[in-house]
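What follows is a short report on a single structure.
Any value given below was found using the heavy atoms of this structure, including those in side chains, with hydrogens, waters and symmetry copies removed.
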Amino acid sequence: MIDEISELLTGWGFHAPPGGWLAHCFAISVVVIMAVIANVIAKRVILRAVKAIIKRSKYKWDDVFLERNVFGRFSHIAPALVIYILAPLAIASGGDGFLETLIDYVKRGSLIYMLLVAVLAIDSFFNATIDIYRTFDISKHIPIKSFVQVAKIILYFLCVMFVIALVVGQSPLKLIAGLGALTAVMMLVFKDPILGFVAGIQLTTNKMVARGDWIEMPRFGVDGDVEEVALTTVKVRNFDKTVSTIPTYALISDSFKNWRGMTESGGRRIKRAIHLDIGSIKFCDEEMLNRFAKIQFISEYIE
């Protein structure tokens with residue numbers, strides 16, 4: 001590619017040796033322009049077309065992906081992909097050590113950028129999946145946010161491993177295998193997520209608590225409706241409109257009261273303290289019955 005550009009520049013009146021700096025600068029400029037064009041096409045043409053199709057669609061789930069910007073984040077891959085493919089051709093040098101090193105850095109940087117963009121897009125996809133799942137009635141009984149959060153942790157962990165592998169030039173499998181010695185440290189760092197994940201499985205399997213349940217946990221001052229069951233915390237909106245967060249594993253290790261059965265029965269228990277003077281209790285006479293019969297709510301009973 002460099003030789004062809006050098007011949008083209010020579011034909012335009014620029015006398016530069018084949019593979020010289022002028023040809024490299026021109027080729028790099030072409031790659032940058034093509035990356036900008038790819039970015040414009042991806043965002044101004046393809047992304048707008050996808051948005052138009054989604055807005056015309058009668059389904060609602062695709063609107064969630066649009067709101068979470070899943071497609072917008074994927075569009076950032078286009079310019080990086082162009083640079084990854086064309087940059088080595090633009091700065092190819094035929095054995096120049098410096099340019100070969102530069103090509104390697106450019107390819108690694110492009111891969112790291114595309115990897116980070118892909119991870120952010122997948123993260124948005126997971127969030128959209130949770131939003132869509134919450135539209136179904138089953139989400140009130142089987143929450144999946146804790147499982148999705150575990151998937152996110154694994155995703156970001158793998159992303160970090162691949163980025164480090166690209167930076168140091170090693171296989172990611174070697175890096176992951178080398179973490180075996182750090183298992184104890186990893187378990188200490190991720191103690192709460194591990195406990196929360198195990199507790200989430202038990203809560204879901206045994207149907208102990210779900211979103212919308214009224215739970216009471218005096219130890220934590222919790223008395224209200226469950227808004228969210230996440231990996232490490234459970235969010236509860238109390239009846240005084242305050243929000244309490246408790247550890248997920250606390251619902252397994254401690255006792256709590258779930259009023260779901262009362263709610264599903266259609267009734268409501270109201271506890272009030274009524275103080276009675278035992279000396280005032282007596283049988284009703286005619287005068288009392290006539291007076292009580294005038295009260296609207298008990299008149300039928302008196303009759």
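- The two residues Ser110 and Ile83 come nearest to each other via the heavy atoms OG-CG2, 3.6 Å.
- Taking the six-membered ring for Trp and thresholds of 30 and 60 degrees, Phe147 and Phe197 have ring planes more than 60 degrees apart, a perpendicular arrangement.
- Within 6.0 Å of atom CZ in Arg291, more than 12 heavy atoms from other residues, nucleotides or ligands are found, so the atom counts as buried in its surroundings.
- Using a 3.5 Å distance cut-off with no hydrogens or angles, the side chains of Asp131 and Asn127 do not pair a donor with an acceptor.
- Dense packing is recorded around CZ of Phe220, with more than 12 heavy atoms of other residues, nucleotides or ligands lying under 6.0 Å away.
- With sequence neighbours excluded, the residues forming a ring-ring contact (aromatic ring centres under 6.0 Å, His included) with Trp259 are Trp214, listed by chain and number.
- By the neighbour-count criterion of 12 heavy atoms within 6.0 Å, atom CD of Glu300 is sparsely surrounded, having that number or fewer from other residues, nucleotides or ligands.
- When the side chains of ILVMFWY residues are joined at heavy-atom separations under 4.5 Å, either directly or via intervening members, Tyr105 and Ile85 end up in two distinct hydrophobic clusters.
- Using a 4.5 Å heavy-atom threshold, the side chains of Val209 and Leu251 count as touching.
- A salt bridge does not link Glu227 with Arg211: every distance from a Lys NZ or Arg NE/NH1/NH2 to an Asp or Glu carboxylate oxygen is 4.0 Å or more.
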Let me see the working for Ile153 and Leu231 under side-chain contact (heavy atoms from CB on, under 4.5 Å), right down to the final yes or no. CA-CA 10 Å; Ile153 291 176; Leu231 179 61; 3.5 Å; yes
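- The nearest pair of heavy atoms linking Gly221 to Ser244 is O-OG, 4.3 Å.
- Salt-bridge check for Arg134 with Glu228: passed, with a basic side-chain N closer than 4.0 Å to an acidic carboxylate O.
- Residue Leu203 is not grouped with residue Val150 when hydrophobic side chains (ILVMFWY) are merged at heavy-atom distances under 4.5 angstrom, including chains of intermediate members.
- Pairing each heavy atom of His76 with each of Tyr113, the nearest pair is O-CE2, 3.4 Å.
- With hydrogens and angles ignored, the 3.5 Å screen pairs no side-chain donor or acceptor of Ser57 with any backbone N or O of Ile53.
- Remark: Tyr156 OH is packed, more than 12 non-hydrogen atoms of other residues, nucleotides or ligands lying under 6.0 Å away.
- Contact record, Leu166 with Arg108: O-CD, 3.1 Å, taken as the closest heavy-atom pair.
- Atom CG of residue Asp254 and atom OH of residue Tyr249 lie 9.5 Å apart, to the nearest 0.5 angstrom.
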Intermediate values then yes/no, side-chain contact (heavy atoms from CB on, under 4.5 Å), Phe74 and Leu47: CA-CA 10 Å; Phe74 270 119; Leu47 187 58; over 6 Å; no
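- Side-chain N or O atoms of Thr248 include one that pairs as donor or acceptor with a backbone N or O of Ala230 at under 3.5 Å.
- Between Phe65 and Trp61, the angle of the ring planes goes over 60°, which puts this pair in the perpendicular group of the 30/60° scheme.
- Here the straight-line distance linking atom CD1 of Ile302 with atom CE of Met288 works out to 9.0 Å at 0.5 Å rounding.
- Lys51 contributes atom NZ, which lies 6.0 Å from atom CG of Leu66 (distance to the nearest 0.5 angstrom).
- The heavy-atom pair separating Leu289 from Cys284 by the smallest distance is CD2-CB, 3.9 Å.
- Using a 4.5 Å cut-off on side-chain heavy atoms (C-beta onward), Leu116 and Cys159 make contact.
- Within the 3.5 Å criterion, the main-chain N or O of Ala35 finds no donor-acceptor partner in the side chain of Asn39.
- Two residues are said to be in side-chain contact when any heavy atoms from C-beta on lie closer than 4.5 Å; Val234 and Thr245 fail this criterion.
- Arg73 places a side-chain N or O within 3.5 Å of a backbone atom of Leu120 that can act as its donor or acceptor partner.
- Residue-environment remark: NZ (Lys152) exceeds the threshold of 12 foreign heavy atoms within 6.0 Å.
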Evaluate the criterion side-chain contact (heavy atoms from CB on, under 4.5 Å) for residue pair Val160 and Ile164; output intermediate values, then yes/no. CA-CA 6 Å; Val160 171; Ile164 296 176; 3.8 Å; yes
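- Tyr133 and Val229 are not part of a single hydrophobic cluster, where members link through side-chain heavy atoms under 4.5 Å apart.
- Note on Asp225 versus Arg237: no salt bridge recorded, every NZ/NE/NH1/NH2 to OD/OE distance being 4.0 Å or above.
- In the displayed structure, Met34 atom CE is contacted under 6.0 Å by at most 12 heavy atoms of other residues, nucleotides or ligands.
- Cluster annotation: Val70 and Ile144 are assigned to the same hydrophobic cluster (Ile/Leu/Val/Met/Phe/Trp/Tyr, side-chain heavy-atom contacts under 4.5 Å, transitive).
- At most 12 non-hydrogen atoms from other residues, nucleotides or ligands lie less than 6.0 angstrom from OH of Tyr59.
- Although no hydrogens or angles enter the test, the distance criterion places a donor-acceptor pair under 3.5 Å between the side chain of Asp213 and the main chain of Ala210.
- Side-chain contact check for Phe126 versus Asp123: every heavy-atom pair is 4.5 Å or farther apart.
- In this structure, CD1 on Ile33 lies 7.0 Å from CD1 on Ile37, to the nearest 0.5 angstrom.
- Looking only at side-chain heavy atoms (C-beta outward), Leu81 and Met114 come within less than 4.5 Å of each other.
- Here the closest non-hydrogen pair linking Ile252 and Ala199 is CG1-CB, 3.7 Å.
- Following chains of ILVMFWY side-chain contacts shorter than 4.5 Å, one can reach Val64 starting from Ile122, so the two form part of one hydrophobic cluster.
- Using modelled atom types, no side-chain atom of Thr242 and backbone atom of Asn238 make a donor-acceptor pair closer than 3.5 Å.
- With rounding to the nearest 0.5 Å, the separation of OG in Ser255 from CD in Glu216 is 10.5 Å.
- Proximity of Val222 to Ile246: side-chain heavy atoms (C-beta onward) are separated by under 4.5 Å at one or more points.
- Remark: Ile215 CD1 to Lys257 NZ distance equals 12.5 Å, nearest 0.5 Å.
- At least one donor-acceptor pair closer than 3.5 Å links the side chain of Asn258 to the backbone N or O of Met208.
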